[in-house]
Amino acid sequence: MKVIKRDGHIVDYSPDKIENAITKANNEVSEEDRVSDIQIRNIIKYIEGLHKRRMLVEDIQDVIEKRLMALGKYELAKEYITYRYTRELVRRSNTTDRSIKELIDGENEYWNTENSNKNAKVVTTQRDYLAGITSTDITRRFLLPEDIVKAHDEGIIHFHDADYFAQNALHNCDLINLDDMLQNGTNINGVMIEKPHRFLTAMTIATQLITAVSSSQYGGATITLTHLAPFVRSSREFYEKKYKARKLTAAQINKFVEEDLHKEIVDGVQTFQYQINSMTTTNGQAPFLSVCMYLGETDEYKDELAMIIEEVLKQRIQGMKNEKGVYITPAFPKLLYVLEEDNINPKGKYYYLTELAAKCTAKRMVPDYISEKVMKELKINENGEGDCYPCMGCRSFLTPDRSISLGNIAKAKNYVEGKGKYYGRFNQGVVTINLPDVALTSGKDMELFWKIFDDRLELCHRALQIRHKRLSKVTSDVAPILWQHGALARLEKGESIHELLHHGYSTISLGYAGLYECVKYMTGESHTDNGKGKEFALEVMQKMNDKCKEWKEAEDIDYSVYGTPIESTTYKFAKCLRERFGRIKGITDRDYITNSYHVPVFEKIDPFEKLKLESEFQKLSPGGAISYIECSNLENNLDTVMEVIKFIYNNIMYAELNTKSDYCQKCGYSGEILLNDDLEWYCPNCGNKDHDTLNVARRTCGYIGTNFWNKGRTQEIKERYVHLDNHDSDEE
């Protein structure tokens with residue numbers, strides 16, 4: 001017999017627990033009101049004699065009460081009822097002890113693998129997780145309606161970041177307005193930070209600002225190197241003045257200025273890279289940072305920007321040293337390289353940067369590539385013009401309509417009326433719908449599918465409204481760096497951020513997962529087939545976009561469809577689907593479901609065909625979308641990398657190449673660390689399986705993870721089809 005506990009978990013039947021509960025009640029009454037050991041055993045036999053395959057724990061307790069009363073032991077029955085009620089109070093009042101103990105003891109699989117960029121053994125991470133356990137508990141018991149909690153537990157939807165939701169001040173991703181803070185000054189912890197006058201100083205301050213911002217929210221953050229380019233010119237002017245004062249010749253001045261400026265750029269980039277990877281935010285990790293490299297953002301400082309981009313790429317190619325002093329692939333910052341006419345055309349002035357980016361991708365998995373051409377086709381502003389800008393945080397994009405009318409509120413010091421505002425934008429949070437669950441619940445009845453889909457989308461809508469309403473109570477005082485000192489806005493002390501949640505200033509995301517499994521179950525085809533599968537998939541995507549548009553028009557809140565990364569939730573959704581519907585071949589027989597609109601990882605498909613197909617779905621995922629191809633070692637095949645990059649420029653808005661660059665500290669092997677059939681990582685050279693001495697970097701959900709993954713994500717990584725092999729046979 002199995003016992004179904006109050007939280008829905010199923011455990012083995014244990015007669016000892018029944019005997020223990022009755023014995024405890026027995027000890028609280030007088031001897032004449034007690035039952036004997038034989039009578040306790042008879043009660044247990046009676047329960048077992050019911051021959052139930054499953055029983056609710058409450059039903060077992062009801063049987064015990066009735067049997068005690070049948071024996072005439074009314075006082076004992078009363079005491080047992082009191083014991084049962086007391087236990088229920090304890091359960092309701094303390095729901096975190098076990099989770100906390102398992103976290104501290106390193107026994108909780110969820111927390112150990114919750115985030116591949118967090119080490120749950122480290123005290124700073126544990127501190128964040130301890131707060132997260134408390135926040136999740138408060139969120140579940142007090143802040144969310146029971147039906148939303150139930151839907152979350154059953155994997156029907158996923159209410160993201162409940163471990164931060166108890167604090168109403170926290171939100172998701174940011175597009176940091178570094179330009180405003182550096183040019184106009186800012187404030188950290190009550191200390192005024194004035195405009196720097198040198199590039200090295202600006203880079204140092206930038207890392208401090210990024211860390212402060214990242215500690216005031218829980219998602220990713222993005223900056224652009226364009227905001228740092230003016231300080232290269234400031235440094236140049238400093239050196240020119242210095243050498244002119246020494247009465248040197250023009251040739252000498254130029255030589256020394258270029259040497260000193262180059263050294264400062266090298267030092268500045270190195271400082272930035274070291275500090276970003278060595279600093280720890282209040283979230284228990286390095287800042288979850290993306291860095292944009294977009295030459296088209298400036299005309300005045302384009303050459304200075306190119307110098308910074310070049311050095312950033314060179315230092316990323318080199319990598320960062322691990323504890324053994326060996327250069328490895330760092331997870332952050334994530335690099336975003338924008339492709340445009342000046343750097344994609346072999347005759348373009350900055351083509352050399354794209355060649356350097358290709359080399360970096362082959363070695364270190366970054367940068368990711370944004371096509372200015374395609375983005376401008378997809379992101380049309382209120383003036384009918386195409387726009388190009390970096391994603392916000394990890395993968396969140398702004399929606400196409402970004403008309404902002406805030407009157408006198410929150411204007412950054414660099415705000416220009418009527419001009420599209422990108423930097424200073426943020427995301428309010430995410431709720432994700434489990435698309436395969438909608439399909440399986442419908443039983444392939446198409447009419448029923450659309451009805452269930454409507455109901456589930458409205459459930460997500462209500463959950464998103466709760467996120468929005470919670471943030472709407474926030475004032476600027478809770479995070480001055482964000483709301484008062486320029487990172488996102490310039491509000492007055494005590495001023496509400498409410499208006500920034502409306503009018504297109506920020507987004508809120510309807511996430512989705514498992515489009516492939518949903519389509520496969522309903523149509524029998526993959527959405528990669530140019531038939532009813534693909535047609536149905538596009539209808540599903542359009543439906544979510546139509547709903548977001550409907551909600552936005554009604555509430556003036558920028559709802560947007562978001563291709564959710566779901567690093568750990570992909571495993572949770574898969575387990576929940578199997579519990580609800582059993583093991584269905586090709587649908588629920590893996591420990592993961594497919595991310596967003598992606599082609600399933602195991603499907604064999606040409607890399608260019610994959611990118612072209614997924615570009616159609618990126619159009620319908622305006623709040624977050626990234627595509628990738630899986631690659632073997634391409635360090636000796638940079639021509640192929642360049643071909644892929646050019647294809648991205650012409651065909652898809654945002655894409656990346658997944659390569660491998662691992663290291664075994666025990667034997668010194670550098671290459672690809674492998675997975676065996678038991679999903680254990682091992683060095684192919686010496687067989688080492690110790691995670692503490694293996695440096696493994698894999699693209700997880702748009703970003704690089706380096707701290708290993710849960711069972712579901714690990715299986716997904718193992719099953720990835722390599723779309724692009726190394727065809728350089730001359731090296732064989």
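For the pair K575 and F573, the cation-pi test (distance below 6.0 Å, angle within 45°) is failed. No cation-pi contact links R590 to Y571, judged by a cut-off of 6.0 Å to the six-membered ring centre and 45° from its axis. Under a cutoff of 6.0 Å and an axis angle of 45°, R140 and F165 do not form a cation-pi pair.
Residues passing the ring-ring contact (aromatic ring centres under 6.0 Å, His included) test with H171, sequence neighbours excluded: F426, W483. Applying the side chain to side chain donor-acceptor pair (under 3.5 Å) criterion to K612, with sequence neighbours excluded, gives N651. Remark: E154 pairs with K150, R580 by the side chain to side chain donor-acceptor pair (under 3.5 Å) rule, at least two apart or across chains.
With a 4.5 Å cut-off on side-chain heavy atoms, L611 and F647 count as touching. R467 is listed as a side-chain neighbour of D161, based on a closest heavy-atom distance under 4.5 Å. No side-chain heavy atom of P333 sits under 4.5 Å from any side-chain heavy atom of S290. When side chains are defined from C-beta on, I626 does not count as touching N595, because their heavy atoms never get closer than 4.5 Å. Between C667 and N688, every side-chain heavy-atom pair lies at or beyond the 4.5 Å cut-off. Looking at D454 and K547, their side chains come closer than 4.5 Å, going by heavy atoms from C-beta outward. Using a 4.5 Å heavy-atom cutoff, the side chains of I133 and D163 are not in contact.
Residues T507 and S560 bring no donor and acceptor atom of their side chains to less than 3.5 Å of each other. No donor-acceptor contact under 3.5 angstrom links the side chains of Q618 and E614, judged on distance only. In this structure, a donor-acceptor pair under 3.5 Å is present between the side chains of H158 and K572. No hydrogens or angles considered: a donor-acceptor pair under 3.5 Å links the side chains of T594 and E517. Between the side chains of R364 and T329, at least one donor N or O sits under 3.5 Å from an acceptor N or O. Donor-acceptor pairing under 3.5 Å is recorded for the side chains of Y369 and T361. For the residue pair T659 / N633, no side-chain donor-acceptor distance below 3.5 Å is found, with atom types taken as modelled. With hydrogens and angles left out, the side-chain atoms of S627 and H598 include no donor and acceptor closer than 3.5 Å.
With D662 contributing its side chain and I673 its backbone, the two residues share a donor-acceptor pair below 3.5 Å. Formation of a donor-acceptor pair under 3.5 Å by the S621 side chain with backbone atoms of G563 is found in this model. Panel note: side chain D437, backbone I156; no donor-acceptor pair is recorded below 3.5 Å. Remark: the backbone N or O of Y327 is not paired with any side-chain donor or acceptor of Q318 at under 3.5 angstrom. Within the 3.5 Å criterion, the main-chain N or O of A574 finds no donor-acceptor partner in the side chain of T588. The closest donor-acceptor contact from the side chain of S509 to the backbone of V430 lies at 3.5 Å or more, if one exists at all. Within the 3.5 Å criterion, the main-chain N or O of Q273 finds a donor-acceptor partner in the side chain of N277. Under a 3.5 Å cut-off, the side chain of D529 and the backbone N or O of S526 do form a donor-acceptor pair. Using modelled atom types, no side-chain atom of Q217 and backbone atom of L170 make a donor-acceptor pair closer than 3.5 Å. No side-chain donor-acceptor contact under 3.5 Å links K363 to the backbone of A358.
Rounded to the nearest 0.5 Å, atoms CH2 (W681) and OG1 (T714) are 6.5 Å apart. Rounded to the nearest 0.5 angstrom, I584 CD1 and Y521 OH are separated by 5.5 Å. Between atom CZ of residue R316 and atom CG of residue L313 there is a gap of 9.5 Å, rounded to the nearest 0.5 Å. Here CG of N658 is found 8.5 Å from CG of D368. Values are rounded to the nearest 0.5 Å. Considering SG of C548 and NZ of K543, their distance stands at 12.0 Å, rounded to 0.5 Å. The distance from the CG atom of N172 to the CD1 atom of I508 is 10.0 Å, given to the nearest 0.5 Å.
For the residue pair T564 and G511, the shortest heavy atom distance occurs at OG1-CA, 3.0 Å. Between N434 and P436, the shortest heavy-atom contact is OD1-CD, 2.9 Å. Here the closest non-hydrogen pair linking L448 and S442 is CD2-O, 3.6 Å. Nearest heavy-atom pair, I652 versus S371, reported as atom, atom and distance to 0.1 Å: O-CB, 3.3 Å. Pairing each heavy atom of C391 with each of I370, the nearest pair is N-CD1, 4.5 Å.
A salt bridge does not link K718 with E680: none of the charged nitrogens is closer than 4.0 Å to a carboxylate oxygen. Using a 4.0 Å cut-off between a side-chain N of Lys or Arg and a carboxylate O of Asp or Glu, R713 and D591 do not qualify as a salt bridge. Under a 4.0 Å N-O distance rule, the pair E616/K534 qualifies as a salt bridge. Under 4.0 Å is where a charged nitrogen must lie from a carboxylate oxygen, and between D589 and R583 no such pair does.
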| field | Chi angles and distances behind the side chain to side chain contact (heavy atoms under 4.5 Å, CB included) call for K610, Y628 | value | CA-CA 8 Å; K610 181 180 190 293; Y628 71 89; 4.3 Å; yes

| message | Between Y669 and C686, is the side chain to side chain contact (heavy atoms under 4.5 Å, CB included) condition met? List the steps. | response | CA-CA 8 Å; Y669 169 78; C686 71; over 6 Å; no

| said: Does T222 form a side chain to side chain contact (heavy atoms under 4.5 Å, CB included) with L289? I'd like the steps, not just the answer. | reply: CA-CA 6 Å; T222 298; L289 180 69; 5.9 Å; no

| field | Worked check of side chain to side chain contact (heavy atoms under 4.5 Å, CB included) between L674 and N676 | value | CA-CA 7 Å; L674 302 177; N676 63 24; over 6 Å; no

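Aromatic ring orientation, F453 versus F449: tilted (interplanar angle from 30° to 60°). Below 30°, between 30° and 60°, or above 60°: for F708 and H691 the angle between ring planes is below 30°, a parallel geometry. Between Y597 and F617, the ring-plane angle classifies as parallel under the 30° and 60° cut-offs. Under the 30°/60° scheme for interplanar angles, the aromatic rings of Y164 and Y218 are found to lie parallel.
R699 pairs with exactly one of E656, E716, E630 by the salt bridge (charged side-chain N to carboxylate O under 4.0 Å, His left out) rule, that one being E656.
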